[in-house]
Colleague: 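Structure incoming, see below.
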Amino acid sequence: MVFSLSKESQAELQLFQNEIAAANPSDLLQFSANYFNQRLEQQRAFLKAREPEFRAKNIVLFPETDEPLSRPQSAQSQSRSRSSVMFKSPFVNEDPHSNVFKNGFDMDPHEQDAHQPLKEEQQHGGEKGSTPPLPMHFNAQRRTSVSGETLQPNNFDDWTPDHYKEKSEQQLERLEKSIGNNFLFNKLDSDSKRLVINCLEEKSVRNGSTIIKQGDQGDYFYVVEQGTVDFYVNDNKVNSSGPGSSFGELALMYNSPRAATVVATSDCLLWALDRLTFRKILLGSSFKKRLMYDDLLKTMPVLKSLTTYDRAKLADALDTKIYQPGETIIREGDQGENFYLIEYGAVDVSKDGQGVINKLKDHDYFGEVALLNDLPRQATVTATKRTKVATLGKSGFQRLLGPAVDVLKLNDPTRH
Ligand SMILES: Nc1ncnc2c1ncn2[C@@H]1O[C@@H]2COP(=O)(O)O[C@H]2[C@H]1O
Ligand SMILES: Nc1ncnc2c1ncn2[C@@H]1O[C@@H]2COP(=O)(O)O[C@H]2[C@H]1O
């Protein structure tokens, strides 16, 4: 029998396949569970924000149940159900998701599932301003995980719906022009993009005013539509940026104080996104790489001197590769293109005529000698176990390692 899937289902499956191809998960079931949980939570967040609109059309998205999901729970039952939705992987280090959510971000466990991988653009949104079509047999309240607790609508109790305001056609047009192609939005599916756009708040800022003060708590993430801003760290100007750029993500990502002061250097038109929407929607998509690599970069001794900002920029430029035992990663004499950070695994470093001269493992690095000295590869590097590496291209190596380059030079194994 031949099954014919709807276009929507085919698109969904294609996106899912893309995610698998990109992440190459070692634990496929874990990955799939997290992925679809995330999809469902996104859909729910989107619908929750638009609930009044649906109600006006007599569509009940979140019907009352006999056993209200929002009832207060005993501490014991809470902790039981929380742990059951965490989808703990038996492969810990090898699960790409375990790195994303190893509590390194001080996240509420309720928030964690929201940051699993997202998918590329999906084409099933309704027209602008109209109620999006619902799948047949749609039930927004449907359970999503073993206990369902993480994804219940009441998890959005702290969601501030007053931030959600349908944008006018004119505002949408402006947004599309100024930030529609921004990397922040490229990775969002149409529902999430719409949700984020409708949660943006327009802010006009006068030339010379301070938008963010270093050390303050983070409340909003900003995208610049018009104007320019300067960034100061400890009163030293470190950066400036203009239309289409964004700032203010670090404090929201890491729950840390603002890392810089941001001052308008002309009259500015900004779009501000509240912390919770940022964390629920943007963090797991647009900033996915930062989450993925944060643990690795924070624990690598050679990168100790980098600031949070440096690490974030570095993470943006990294890619993941997995090598099987016996696979050659670098061949002696070749031209150097990448620098490698070992997330987990083991490699042998060998030289023609000398055999194995070094062994490297988790959180070590290699491939720097050719890039630092503009030389051919000085040794062959071969995986001896399944090895996951983060790679950094030559131009990123030269731009993004900052003070870590001095440490690499000092430790150059060919120096003596
Ligand atoms: N060199 C820099 N160091 C720290 N923050 C910077 C730098 N350049 C730009 N920024 C931005 O300034 C923002 C200040 O607030 P956040 O720390 O939330 O996020 C910060 C970054 O988005
Ligand atoms: N003793 C060593 N001699 C040369 N390369 C080494 C040695 N130990 C580790 N390596 C790594 O092996 C890598 C091979 O490629 P590169 O020469 O770019 O950079 C080299 C170093 O990162």
Side-chain angles (χ1 to χ4, degrees), residues 184 210-224 228-242 245-264 270 272-273 275 278-279 282-283 286-287 290 302 306-314 316 328-342 347-361 364-383 389 391-392 394 397 400 402-403 407-409 411-416:
L184 295 167
T210 300
I211 304 161
I212 284 178
K213 207 157 142 249
Q214 187 178 350
D216 278 0
Q217 255 194 327
D219 45 7
Y220 285 97
F221 165 70
Y222 297 91
V223 184
V224 182
T228 48
V229 295
D230 277 352
F231 300 91
Y232 294 86
V233 174
N234 303 330
D235 296 327
N236 298 315
K237 185 174 154 186
V238 288
N239 249 330
S240 43
S241 70
S245 66
S246 53
F247 58 86
E249 78 288 6
L250 295 180
L252 308 191
M253 287 177 70
Y254 304 106
N255 283 330
S256 56
R258 293 293 198 186
T261 292
V262 187
V263 179
L270 307 176
L273 186 70
R275 177 185 171 279
F278 173 87
R279 287 179 69 99
L282 276 196
L283 192 54
S286 311
F287 296 99
R290 294 191 184 182
V302 69
L306 299 192
T307 64
T308 306
Y309 178 76
D310 296 334
R311 277 202 312 273
K313 290 284 161 194
L314 177 56
D316 288 341
T328 300
I329 306 172
I330 282 179
R331 200 175 297 281
E332 186 177 353
D334 280 359
Q335 214 185 326
E337 298 297 344
N338 287 305
F339 173 56
Y340 299 80
L341 310 170
I342 305 179
V347 301
D348 276 354
V349 180
S350 55
K351 259 179 109 60
D352 276 354
Q354 293 181 33
V356 176
I357 53 169
N358 209 344
K359 284 181 176 290
L360 305 172
K361 56 176 177 12
D364 286 334
Y365 61 87
F366 58 89
E368 79 292 7
V369 177
L371 303 187
L372 282 173
N373 307 301
D374 213 5
L375 285 172
R377 294 297 195 189
Q378 297 300 297
T380 294
V381 181
T382 311
V389 294
T391 65
L392 179 67
K394 205 173 185 171
F397 181 83
L400 299 167
V407 185
L408 293 174
K409 281 184 183 156
N411 294 341
D412 183 337
T414 60
R415 255 173 36 127
H416 305 293

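Just so you know, ligand 1 is whichever comes first in the structure, and atom 1 is the first atom listed for that ligand. Atoms considered below: every heavy atom in the structure, side chains included; atoms not considered: hydrogens, waters and symmetry mates.
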Colleague: Give me the nearest non-hydrogen protein atom to atom 13 (C) of ligand 1 as residue plus atom name, then the distance to 0.1 Å.
Modeller: Gly248 N, 3.7 Å

Colleague: Out of curiosity, is Gly367 lining ligand 2, as in a heavy atom under 4.0 Å away?
Modeller: yes

Colleague: Between Asp219 and Arg258, is there a salt bridge with N-O shorter than 4.0 Å?
Modeller: yes

Colleague: Please list the nearest protein heavy atom to atom 18 (O) of ligand 1 with its residue and the distance rounded to 0.1 Å.
Modeller: Arg258 NH1, 2.7 Å

Colleague: Which option out of Tyr232, Tyr220, Tyr309 puts a heavy atom nearest to atom 7 (C) of ligand 1?
Modeller: Tyr309

Colleague: Could you list which atoms of ligand 1 come closer than 4.0 Å to a heavy atom of Asn239?
Modeller: 1 (N), 7 (C), 8 (N), 9 (C)

Colleague: Just need the protein heavy atom nearest to atom 14 (C) of ligand 1, so name the residue and atom and give the distance.
Modeller: Ala260 O, 3.5 Å

Colleague: Quick one: look at Phe231 and ligand 1, take heavy-atom pairs under 4.0 Å, and tell me if it's side chain, backbone, both or neither.
Modeller: side chain

Colleague: Starting from atom 22 (O) of ligand 1, what is the nearest protein heavy atom, named by residue and atom, and what distance separates them?
Modeller: Glu249 OE1, 2.6 Å

Colleague: Examine the proximity of ligand 1 to Leu250 and report which part, side chain or backbone, both or neither, has a heavy atom under 4.0 Å away.
Modeller: both

Colleague: Got the closest protein heavy atom to atom 17 (O) of ligand 1, with its distance?
Modeller: Ala259 N, 2.7 Å

Colleague: Heavy atoms only: which of Val349, Val369, Ile357, Asp364 lies closest to atom 10 (N) of ligand 2?
Modeller: Val349

Colleague: Would Asn358 count as a polar contact of ligand 2, with the cut-off being nitrogen or oxygen pairs under 3.5 Å?
Modeller: yes

Colleague: In the protein, which heavy atom is nearest to atom 4 (C) of ligand 2, and how far is it?
Modeller: Thr414 CG2, 3.6 Å

Colleague: Is the contact between Val233 and ligand 1 made by the side chain, the backbone, both, or neither, using heavy atoms and a 4.0 Å cut-off?
Modeller: side chain

Colleague: Tell me whether Tyr365 has any N or O atom under 3.5 angstrom from an N or O of ligand 2.
Modeller: no

